[in-house]
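Predicted model, so just to flag it, every value in this text is computed and none were measured. Below, all heavy atoms of this structure are taken into account, side chains as well, without hydrogens, waters or symmetry copies.
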Amino acid sequence: PSAAPVPNTTSASFAPPAPVAAAAPGGHRPAVARVVTGATVSPPVSLVIPAIGVNTRVVPEGVGPGGALDIPPPAQVGWYDRGPAPGQSGTTLLAGHIDDDGVPGALLHLNDVQLGDAVRVRTASGRVAAYTVTRRRLLPQHELALSGLLAEQGAPALVLISRGGAYDAARRLYLDNIIVLATPAR
């Protein structure tokens with residue numbers, strides 16, 4: 001049996017929240033990240049989700065000409081570098097592919113994540129921000145910007161996003177976003 005063509009998904013269809021700069025890396029000893037501000041914040045460099053076999057590099061990404069978040073090559077995950085980093089107030093946004101023109105992406109099994117699954121994000125300073133999955137859902141792409149999931153202030157949270165759900169073969173793209181929300185582990 002032949003499968004539907006696999007889409008080329010190089011950007012996520014949403015306007016990210018207003019910019020928030022992340023500062024330079026701090027110390028070198030691994031530690032669980034806490035809510036911090038200013039110079040002690042460090043950008044994410046890796047993402048681990050043991051339950052679905054994810055262990056991948058995280059790279060900084062901005063927005064493209066149309067205002068959509070740029071997404072790195074399939075084997076990596078992008079961090080919206082104008083938003084909060086792990087340990088800062090607000091939502092840290094990581095986005096990647098489930099697939100891209102037939103190439104499996106780092107987030108191929110994102111829709112299989114279960115409530116309570118562990119997520120770890122290592123920062124450039126060596127800190128590990130530990131999260132627990134609290135929600136997973138499909139959201140039409142046009143609803144993401146207004147969903148309230150992408151807060152630049154407030155309680156720390158992690159949102160993982162990939163296109164998924166319904167597939168439009170004529171346009172070669174997914175119509176929804178897979179959204180996984182995780183909060184700091186206790």
Side-chain angles (χ1 to χ4, degrees), residues 6-26 33 41-49 52 54-101 103-111 113 119-129 131 136 139-154 156-165 172-182:
V6 177
N8 180 353
T9 54
T10 56
S11 65
S13 295
F14 69 94
V20 174
V41 174
S42 181
V45 296
S46 70
L47 170 68
V48 176
I49 310 172
I52 59 169
V54 171
N55 186 349
T56 191
R57 182 174 173 217
V58 175
V59 296
E61 291 289 354
V63 293
L69 180 66
D70 288 329
I71 305 296
Q76 301 173 345
V77 170
W79 165 57
Y80 176 59
D81 64 0
R82 293 181 188 100
Q88 282 186 300
S89 294
T91 303
T92 299
L93 173 61
L94 301 180
H97 294 282
I98 57 172
D99 56 52
D100 186 24
D101 275 340
V103 176
L107 299 180
L108 179 63
H109 299 290
L110 187 62
N111 207 34
V113 168
V119 178
R120 294 187 305 274
V121 180
R122 182 173 299 280
T123 67
S125 70
R127 286 193 181 116
V128 175
Y131 297 91
R136 184 192 74 216
L139 184 69
Q141 288 185 18
H142 66 275
E143 293 180 17
L144 182 60
L146 301 175
S147 69
L149 291 170
L150 306 176
E152 70 178 64
Q153 297 298 319
L158 175 68
V159 170
L160 304 169
I161 299 176
S162 185
R163 287 185 175 184
R172 297 190 53 187
L173 59 83
Y174 290 104
L175 302 178
D176 299 313
N177 286 306
I178 301 167
I179 309 291
V180 171
L181 178 62

Between [X] and [Y], which heavy-atom pair has the shortest distance, and what is it?
X	Y	value
L181	A157	CD1-CB, 4.0 Å
P84	W79	O-NE1, 3.1 Å
P72	V77	CG-C, 3.5 Å
P44	V121	CB-CG1, 3.4 Å
G165	D176	CA-OD2, 3.8 Å
P43	A85	CA-CB, 4.5 Å

So, using side-chain contact (heavy atoms from CB on, under 4.5 Å) as the criterion, who are the partners of P104 when residues are at least two apart?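 Partners of P104 under the side-chain contact (heavy atoms from CB on, under 4.5 Å) test: L108.
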
With sequence neighbours excluded, what pairs up with V45 under the side-chain contact (heavy atoms from CB on, under 4.5 Å) test?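 Partners of V45 under the side-chain contact (heavy atoms from CB on, under 4.5 Å) test: R122, A124.
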
Nearest-0.5 Å distance that lies between atom [atom1] in [X] and atom [atom2] in [Y]:
X	Y	atom1	atom2	value
I161	L93	CD1	CG	4.5 Å
I71	E61	CD1	CD	7.0 Å
L107	L47	CG	CG	6.5 Å
Q76	T56	CD	OG1	6.5 Å
R163	D100	CZ	CG	10.0 Å
H142	N177	NE2	CG	11.0 Å

Check: R82 side chain, G62 main-chain N or O, donor-acceptor pair, under 3.5 Å: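 Absent.
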
Short side-chain to backbone donor-acceptor contact, S162 and G96, under 3.5 Å: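 Yes: the side chain of S162 pairs with the backbone of G96.
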
Measuring only between side-chain heavy atoms, which start at C-beta, is L158 closer than 4.5 Å to V119?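 Side-chain contact under 4.5 Å: yes.
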
Please identify which of these residues, D101, V103, D99, meets the side chain to side chain contact (heavy atoms under 4.5 Å, CB included) condition with P74.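 That would be V103; it is the only one of D101, V103, D99 passing the side chain to side chain contact (heavy atoms under 4.5 Å, CB included) with P74.
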
